[in-house]
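Working notes for the structure below.
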Number of protein chains: 2
Amino acid sequence: MADAFMSDLAARAIAERLFFGYRAFTGDADRVLASRGLGRAHHRALYFIERAGSIPVHELLATLGITKQALTRVLRELMDAQLVERRRDPTDGRRGILTLTETGRALELSLLHAQRARIEVALAQAGPSGREAIHTFLEALMEPEDRGRIGLSL
Amino acid sequence: MADAFMSDLAARAIAERLFFGYRAFTGDADRVLASRGLGRAHHRALYFIERAGSIPVHELLATLGITKQALTRVLRELMDAQLVERRRDPTDGRRGILTLTETGRALELSLLHAQRARIEVALAQAGPSGREAIHTFLEALMEPEDRGRIGLSL
DNA sequence: TAGAAACGTCAACATGGCTGACGCATTTAT
DNA sequence: ATAAATGCGTCAGCCATGTTGACGTTTCTA
């Protein structure tokens with residue numbers, strides 16, 4: 001009968017590919033960010049604000065999994081750079097709602113496109129029939145509590 | 001005719017899954033590391049030393065893509081903790097060769113196993129026919145120069 | 001109207017990167 | 001034989017991004 005666990009070697013094959021693959025993937029955006037004097041933390045905030053259209057601060061905090069102090073610093077820089085705007089939730093004035101400015105949207109899109117090129121090539125290499133397996137695999141890797149934070153597969 | 005580029009939405013589907021998936025994957029090891037007073041940087045060094053059996057310092061530097069100053073700090077802590085040993089290359093006394101101690105190997109294995117459980121579940125979800133696509137996709141994501149640093153797929 | 005909630009901010013600190021500059025042992029080239 | 005280059009190891013200072021803890025303010029809610 002088969003082993004209850006996968007071989008260490010099979011686990012290493014995935015672990016290495018994830019490490020190098022993720023590094024290359026983030027590197028594409030890092031180069032664009034560096035030219036604007038921003039870092040990866042700014043990208044993540046821009047990404048999830050744009051993704052949601054507008055997002056309450058508490059939800060962005062939960063998504064990023066960082067403390068409000070860490071986020072505040074990032075948001076202050078993004079607002080100083082006129083990339084993000086904060087307004088109040090009309091139904092609850094204590095809550096803040098974040099949106100991107102036009103400039104912010106343009107930057108977020110250029111960051112996405114820097115990464116899209118690589119994703120496109122990689123998906124093509126894997127073939128059309130592999131796309132579903134790749135989505136399923138990555139989704140299964142995630143913490144269950146994060147699964148509600150992502151968009152649909154197709 | 002089809003678009004020359006994939007849709008932004010399709011790129012976002014992958015980008016989000018990579019972000020959350022990679023975070024969960026590293027989180028498994030981070031919890032074990034934290035209980036030993038070590039960080040992710042130590043794990044990466046342990047991983048690639050073990051993977052190679054023994055490895056010259058310059059090769060580990062190239063693999064990790066960090067400066068020797070950053071690595072030295074990590075190696076000093078690993079050697080102080082009796083997890084890593086450094087000896088000289090007999091054919092070129094300037095070069096250092098790194099190996100893990102027995103304790104180091106045990107720790108590296110327990111870190112791998114913490115991550116293996118998650119990988120195993122994710123691969124099972126994707127189904128046996130998806131495995132090749134997942135390997136191909138992640139490998140295609142990598143920088144070409146890193147492709148020689150990974151083990152074979154099967 | 002008192003208390004809780006949701007921030008925003010300040011301060012101090014940890015981790016893990018970086019650059020620059022030295023020094024030392026060893027190998028290689030002249 | 002000696003000079004230069006190589007491969008480290010280390011010190012110092014800095015940056016980016018995270019953490020706790022504490023405090024003040026505004027706004028809801030009981």
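Below, read A as the first sequence line, B as the second, and so on, with proteins coming before strands; counting in each chain starts at 1.
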Contact check, residues 15-45 of chain B vs DNA chain D, heavy-atom distance under 4.0 Å, returns none
Side-chain N,O (B:R88) to OP1/OP2 (C:dT26) below 4.0 Å: yes
The single option from B:R118, B:R116, B:H113, B:Q115 that satisfies side-chain hydrogen bond (donor to acceptor under 3.5 Å, both in side chains) with B:D28 is B:R118
If we only count heavy atoms from C-beta on, is the A:R40 to A:D30 side-chain gap below 4.5 Å? yes
Using a cut-off of less than 4.0 Å, is there contact between a side-chain N or O of B:R94 and OP1 or OP2 of D:dT6? no
Residues A:E143 and A:R149 bridged, charged N to O under 4.0 Å: no
Members of residues 57-85 of chain A that approach DNA chain C, where some heavy atom sits under 4.0 Å away: A:V57, A:H58, A:K68, A:Q69, A:T72
Please check this pair: side chain of B:T101 against backbone of B:Q82, looking for a donor-acceptor N/O pair closer than 3.5 Å. yes
Lys/Arg N to Asp/Glu carboxylate O, A:R95 vs A:E59, below 4.0 Å: no
Decide side chain to side chain contact (heavy atoms under 4.5 Å, CB included) for A:F137 and B:L123; before the verdict, give the C-alpha distance in whole Å, the side-chain angles of both, and the deciding distance to 0.1 Å. CA-CA 6 Å; A:F137 168 73; B:L123 282 178; 3.9 Å; yes
For a quick test of reading the model: is some side-chain N or O of A:R86 closer than 4.0 Å to OP1 or OP2 of C:dG8? yes
Are any non-hydrogen side-chain atoms of B:F25 and A:L138 less than 4.5 angstrom apart? no
Cation-pi, A:Y22 ring and B:R23 (6.0 angstrom, 45 degrees): no
For A:D92 and D:dC28, what is the distance between atoms CG and C1' respectively, to the nearest whole Å? 6 Å
How close or far is atom P of C:dC7 from atom CG of A:D89, stated in whole angstroms? 9 Å
